[in-house]
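Below is one structure, written out as structure tokens; the observations come after it.
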Amino acid sequence: MRVLHFYKTAFPDTMGGIEQVINQIARGANKLGVKTDVLSLTPERMPRTIEIDGYLTHRARLDFQIASTGFSMSSFLRFAQLAKTADIIHYHFPWPFMDMVHFATMVKKPNIMTYHSDVIRQKHLLKLYRPLKWKFLEDMDCIVATSPNYLLTSDVLAKYRHKVRVIPIGLDKTNYPKPSEEKLAYWRNRLGPKFFLFIGVIRYYKGLHFLMAAAQGTNYPIVIVGEGPIEEEIKIQAKQLGLQNIHFLGYLKDEDKVALLIICYSVVLPSYLRSEAFGIVLLEGAMYGKPMISCEIGTGTTFINIANETGLVIPPSDPIALREALRYLWEHPDQAAAMGRRAEGLYWRKFTADQMVRSYVDLYFQLVK
């Protein structure tokens, strides 16, 4: 069995949510005897193919981008070459250029698509893309939704319910580094014993501007880890509001991020749009036994963070409700700790990488029978 994954970016070049999912599936499937290739685009001059954790990742040259969609002329040939030796093609949606490659190369192999998110932001371009999108979805043998919540709330998935499977995203805790005692002590000394933690790319839909507004008039330490397109905008807002309790740490290595997950009081993800289709940082928070705060946006965020069980769920775009959620957890440490324990239990029951990988591998073998 050999599987080809295709997406615009991949580990180790970038490590966003989708890249992390591909990496977890590829690593885990290799241990079960499924050979894996991953094809992605890169603007850098890097080795064309490298081996990572037992699977091969291949790069095609990124030529240009339009509305966050990467285009690559060389990827047509590279995809066709790799697809010849594959038993299954595994696409990761959305990426409109991928649809074009699929039809232009006319590869006739069993295929599946992991449907990570609806197309949210590009309203005008979506009108042009829609016919191709419907044709591409129709051509899939199986579509995988990452949570039952997203399946229930996506108008697109509703049209293909007959061939949709739900396979939740899972993480392998043993794959995360174990911070040294010195590292843990450093961050405790720098940030104090009790703080809220946000980790992620600082994008428009993450809701950090609502978090800044919610922090006004409070003294709860809030730690922001990550970089992104609106980072400066959020920092300016924090300065204008006179916030002294916000710590912008920028990009951190994995050991530092894990150290913060271990010592933080709670994980906060105020994303307010459906672009946040799952919220892997919530899964990481649950994995480390932390109570969570997130918004009800009809996606996987409330598949992970169950209201009043593993944390608090608030309306989106509501800084007053967010401030109240921060206050409640801060002032009720026993309830917060109990939520964290339930969150960790939920992780072990539903969200391990082993469960996710076995579900995908079972699906692969069903498709090639």
Side-chain angles (χ1 to χ4, degrees), residues 16-17 68 120-121 187-188 190-252 256-257 259-261 263-285 290-299 301-302 304-305 307 310-333 336 339-340:
S68 300
I120 304 296
R121 199 177 192 188
W187 286 114
R188 285 193 183 100
R190 180 172 172 181
L191 299 171
K194 189 175 179 181
F195 59 88
F196 292 98
L197 177 65
F198 168 92
I199 299 177
V201 179
I202 304 179
R203 301 186 189 278
Y204 70 98
Y205 62 81
K206 294 289 184 178
L208 286 177
H209 47 301
F210 296 117
L211 182 57
M212 297 303 102
Q216 193 173 20
T218 75
N219 60 357
Y220 315 135
I222 299 173
V223 174
I224 310 294
V225 176
E227 301 173 332
I230 66 165
E231 181 180 354
E232 285 306 311
E233 179 184 322
I234 298 300
K235 288 180 176 177
I236 290 170
Q237 181 189 8
K239 186 175 181 180
Q240 290 174 339
L241 293 175
L243 301 179
Q244 302 297 315
N245 52 329
I246 309 296
H247 303 268
F248 291 99
L249 302 184
Y251 169 82
L252 292 179
D256 294 288
K257 287 193 286 189
L260 294 176
L261 282 164
I263 66 175
C264 76
Y265 185 67
S266 167
V267 169
V268 181
L269 183 66
S271 299
Y272 68 106
L273 295 174
R274 287 176 57 80
S275 302
E276 190 70 76
F278 196 80
I280 285 182
V281 70
L282 293 175
L283 200 48
E284 292 174 325
K290 303 300 174 179
M292 297 165 279
I293 298 174
S294 61
C295 299
E296 178 53 82
I297 51 177
T299 71
T301 61
T302 35
I304 306 165
N305 184 23
T310 62
L312 301 178
V313 178
I314 61 171
S317 314
D318 190 339
I320 295 175
L322 181 51
R323 183 184 300 131
E324 181 60 22
L326 295 169
R327 183 198 65 77
Y328 181 86
L329 288 186
W330 190 266
E331 295 180 359
H332 297 84
M339 288 175 176

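Side chains are part of it too, since the values below use all heavy atoms of this structure and drop only hydrogens, waters and symmetry mates. Nothing here was measured: the structure is a model prediction, and the numbers come from that model.
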For this session: Nearest 0.5 Å please: distance from the OG atom of S294 over to the CD1 atom of I304.
Result: 8.5 Å
Exercise. Where do Y272 and F210 land on the ring-ring contact (aromatic ring centres under 6.0 Å, His included) test, with the steps shown first?
Worked result: CA-CA 9 Å; Y272 68 106; F210 296 117; 5.1 Å; yes
For this session: Identify, with sequence neighbours excluded, every residue that meets salt bridge (charged side-chain N to carboxylate O under 4.0 Å, His left out) alongside D256.
Result: K183
For this session: Decide side chain to side chain contact (heavy atoms under 4.5 Å, CB included) for N245 and F195; before the verdict, give the C-alpha distance in whole Å, the side-chain angles of both, and the deciding distance to 0.1 Å.
Result: CA-CA 10 Å; N245 52 329; F195 59 88; over 6 Å; no
Seminar exercise, completed: Contacts of E324 meeting side-chain contact (heavy atoms from CB on, under 4.5 Å) (sequence neighbours excluded), chain-then-number -> R327
For this session: Any chance you could measure Y220, atom OH, to L329, atom CG, to the nearest 0.5 Å?
Result: 10.0 Å
Problem set entry | Test item: S317 and L273 side chains (from C-beta on) under 4.5 Å apart, heavy atoms | no
Exercise. Does I263 offer a backbone N or O that forms a donor-acceptor pair with the side chain of R188 under 3.5 Å?
Worked result: no
Exercise. Does Q244 use its side chain to pair, donor to acceptor, with the backbone of I246 at less than 3.5 Å?
Worked result: no
Problem set entry | From CA spacing to verdict: side chain to side chain contact (heavy atoms under 4.5 Å, CB included), S266, M292 | CA-CA 6 Å; S266 167; M292 297 165 279; 5.6 Å; no
For this session: Considering non-hydrogen atoms only, spot the tightest contact between A213 and P319 and give its length.
Result: CB-CB, 3.8 Å
Exercise. Does atom CG of L241 have more than 12 heavy-atom neighbours, drawn from other residues, nucleotides or ligands, at distances under 6.0 Å?
Worked result: yes
Exercise. If you look at every heavy atom in V281 and V267, which pair is closest and at what distance?
Worked result: O-CG1, 4.1 Å
For this session: For L243 and Q216, run side chain to side chain contact (heavy atoms under 4.5 Å, CB included): C-alpha distance rounded to whole Å, both residues' side-chain angles, the deciding distance at 0.1 Å, then the answer.
Result: CA-CA 6 Å; L243 301 179; Q216 193 173 20; 4.2 Å; yes
Exercise. So, do Y205 and R274 sit near enough that their side-chain heavy atoms are less than 4.5 Å apart?
Worked result: no
Exercise. What is the distance from atom CD1 of I234 to atom NZ of K239, rounded to the nearest 0.5 Å?
Worked result: 15.5 Å
Problem set entry | Nearest heavy-atom neighbours spanning A238 and M212 | CB-SD, 3.9 Å
Exercise. When you measure from the side chain of K235 to the backbone N and O of I230, does any donor-acceptor pair fall under 3.5 Å?
Worked result: no
For this session: Mind checking the CD-CD spacing from Q237 to E232? Nearest 0.5 Å is all I need.
Result: 13.0 Å
Problem set entry | Heavy-atom check, side chain of Y265 versus side chain of P333, under 4.5 Å | yes
Exercise. Got a sec, which pairs hit salt bridge (Lys or Arg N to Asp or Glu O under 4.0 Å) with one end in residues 199-216, sequence neighbours left out?
Worked result: K206-E276
For this session: Taking all heavy atoms of P316 and all of I297, pick out the closest pair and write down the distance.
Result: CB-CG2, 4.0 Å
Problem set entry | Gap between atom CD1 of I224 and atom CG of L197 - 0.5 Å precision | 8.0 Å
Seminar exercise, completed: residues 223-248 vs ring pair (Phe, Tyr, Trp, His ring centres under 6.0 Å), sequence neighbours excluded, gives none
Exercise. Under the side-chain contact (heavy atoms from CB on, under 4.5 Å) test, which residues partner A325, sequence neighbours left out?
Worked result: I293, L312, I314
For this session: Nearest 0.5 Å please: distance from the CD1 atom of I199 over to the CG atom of L249.
Result: 9.5 Å
Problem set entry | Verdict with supporting geometry, M339 and T310, side chain to side chain contact (heavy atoms under 4.5 Å, CB included) | CA-CA 4 Å; M339 288 175 176; T310 62; 5.5 Å; no
Seminar exercise, completed: Those residues at least two apart in sequence (or on a different chain) that pass ring-ring contact (aromatic ring centres under 6.0 Å, His included) with F198 are none
Seminar exercise, completed: Between C295 and S271 the two heavy atoms that sit nearest each other are CB-O, 3.4 Å
Problem set entry | 4.5 Å side-chain heavy-atom contact, F196 and L211 | no
Exercise. What pair of heavy atoms forms the shortest contact from I222 to A215, and how long is it?
Worked result: CD1-CB, 3.8 Å
